[in-house]
There are 2 protein chains.
Amino acid sequence: MIFPPELIKGTFKTIVLKLLADNKKMYGYEITQRVKELTLERIQMTEGTLYPTLHALESEGLVTTETEYIGKRVRKYYSLSPSGKAKSKEKVKEFAEFVATMQLLLDTNLKPI
Amino acid sequence: MIFPPELIKGTFKTIVLKLLADNKKMYGYEITQRVKELTLERIQMTEGTLYPTLHALESEGLVTTETEYIGKRVRKYYSLSPSGKAKSKEKVKEFAEFVATMQLLLDTNLKPI
DNA sequence: ATAAATACATTGGAATCTTATGTATTATTG
DNA sequence: CAATAATACATAAGATTCCAATGTATTTAT
């Protein structure tokens, strides 16, 4: 199943923060591949989505970066700042509560008499 | 907890279709109240969101309408069309699979060695 | 050699919600 | 009985946010 974009929208920050929380440091391309792999290709995080997300997280002070050269090719690693670690937990929890709330709606609800 | 709009966005059609699947016919204001009630006020579906959603569903042929007068006040009831019933099931299933896929990402995933 | 994969990045457009506003009726309450 | 809250519809302008497309460059595989 391919998910409509409007469903995935709004979860990108959560996904990136969580991956960084589990992996200390990752670079952009690595994140796109990991998402693809972990979701069995059901969610594709394209570059047009990922890089703006990473840059936003950086400007919010939630991640820090360090650049590394592999041969001549640059690689930019992202790591969570202390506030980023807190934010990661918060966003994961928020998503869980959101799902729980949606369940209240999507489990069968007959009109009371 | 109040959910950020970008998380709820994209679920409105699913919510409305599901409520109509369970309740045969509902009118707009009733839907806003039911959502508030079922989610313990965690999700508010405002009129600016609901009416455009209902009109979109109607133009897609997923719902039909009938107008009723309560005194002088008009009330517009919405019901699922056959294709709307199918769509409702599809969207609910889609959301469930989306959640399952997100779980793959949000459960702890350490980098393989 | 050529193609595919790796790796960064930006931009314009599209889609979608949200705030604000508008109109009107009915019920409640002080 | 006047004022307020609740009921009930609706739209429009603006903000936000993604996404497809595009661009550059290096490395690896065929």
Side-chain angles (χ1 to χ4, degrees), chain A residues 2-17 19 25-37 41-60 62-63 65-78 91 95 98 102, chain B residues 2-17 19 25-37 41-60 62-63 65-78 91 95 98 102:
Chain A
I2 294 163
F3 303 118
E6 68 267 20
L7 209 53
I8 306 180
K9 278 183 187 184
T11 63
F12 288 118
K13 270 191 188 176
T14 306
I15 292 172
V16 171
L17 287 170
L19 286 180
K25 66 176 191 176
M26 296 180 86
Y27 55 98
Y29 186 76
E30 187 184 11
I31 293 174
T32 65
Q33 298 309 301
R34 185 67 60 79
V35 169
K36 198 201 278 190
E37 174 203 329
E41 315 220 357
R42 286 179 197 144
I43 295 179
Q44 310 269 347
M45 194 170 323
T46 65
E47 291 147 311
T49 301
L50 177 63
Y51 289 114
T53 299
L54 285 171
H55 299 160
L57 291 174
E58 192 176 7
S59 79
E60 290 172 54
L62 299 173
V63 302
T65 63
E66 46 184 313
T67 297
E68 193 175 289
Y69 276 87
I70 308 294
K72 285 182 186 173
R73 186 187 288 162
V74 73
R75 196 179 267 182
K76 201 163 158 190
Y77 278 100
Y78 291 84
K91 294 293 278 181
F95 186 78
F98 171 65
M102 283 296 291
Chain B
I2 294 161
F3 304 118
E6 69 268 19
L7 208 53
I8 306 178
K9 278 181 187 185
T11 63
F12 289 119
K13 268 191 190 177
T14 306
I15 292 171
V16 171
L17 287 170
L19 285 180
K25 68 177 189 175
M26 296 181 86
Y27 55 97
Y29 185 76
E30 185 184 13
I31 293 175
T32 66
Q33 299 307 304
R34 185 67 61 80
V35 169
K36 197 201 282 191
E37 173 203 328
E41 315 221 356
R42 286 179 197 142
I43 295 177
Q44 311 268 349
M45 194 170 325
T46 63
E47 291 148 309
T49 300
L50 177 64
Y51 290 114
T53 300
L54 285 171
H55 299 160
L57 291 175
E58 191 176 8
S59 80
E60 290 171 54
L62 299 173
V63 301
T65 63
E66 45 184 314
T67 296
E68 192 175 289
Y69 277 86
I70 309 295
K72 285 181 186 174
R73 187 187 289 163
V74 74
R75 196 180 268 183
K76 202 165 158 188
Y77 278 101
Y78 291 84
K91 295 292 278 180
F95 186 79
F98 171 65
M102 283 296 290

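Letters go in sequence order (proteins before strands), and every chain restarts at 1.
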So, is [X] near the phosphate of [N], with a side-chain N or O under 4.0 Å from OP1 or OP2?
X	N	value
Tyr51(B)	dA10(D)	no
Tyr29(B)	dC9(D)	no
His55(A)	dT10(C)	yes

Value rounded to 0.5 Å, distance of CG in Leu17(B) from CG in Leu57(B)
5.0 Å
Give the rounded distance in Å between these two atoms: [atom1] of [X] and [atom2] of [N].
X	N	atom1	atom2	answer
Leu50(B)	dT7(D)	CG	C1'	14 Å
Leu57(B)	dA10(D)	CG	P	13 Å
Met26(B)	dA8(D)	CE	P	12 Å
Glu66(B)	dA8(D)	CD	C1'	16 Å
Tyr27(B)	dT25(C)	OH	P	18 Å
Tyr69(B)	dT26(C)	OH	P	11 Å
Leu54(B)	dA8(D)	CG	C1'	13 Å
Glu30(A)	dA7(C)	CD	P	9 Å

Looking only at side-chain atoms of [X], point me to the closest of [options].
X	options	result
Tyr78(A)	dC8(C), dA8(D), dA9(C)	dA9(C)
Val74(B)	dC9(D), dA10(D), dT6(C)	dC9(D)
Gln33(A)	dT6(C), dT10(C), dA10(D)	dT6(C)

Using a cut-off of 4.0 Å between protein heavy atoms and nucleotide atoms, how would you tag nucleotides 12-30 of chain D 5' to 3' with B, S and -?
------SBBB----BS---
Are Glu68(A) and Val74(A) side-chain neighbours, meaning at least one heavy-atom pair lies under 4.5 Å?
no
Any donor-acceptor N/O pair, Thr53(B) side chain to Thr49(B) backbone, under 3.5 Å
yes
Backbone N or O of Tyr27(B) within a donor-acceptor pair of the Glu30(B) side chain at under 3.5 Å?
yes
So what does Phe3(B) hit on the nucleic acid, given a heavy-atom distance under 4.0 Å: a base, only sugar-phosphate, or nothing?
nothing
With sequence neighbours left out, what residues match Thr65(B) under side-chain contact (heavy atoms from CB on, under 4.5 Å)?
Glu58(B), Lys76(B), Tyr78(B)
Can you tell whether the side chains of Glu60(B) and Lys13(B) come within less than 4.0 Å, N to carboxylate O?
yes
Contacts under 3.5 angstrom, residues 4-12 of chain B side chains, donor-acceptor by atom type, not counting sequence neighbours:
from: Thr11(B); atom 1: OG1; to: Ile8(B); atom 2: O; distance (Å): 2.5

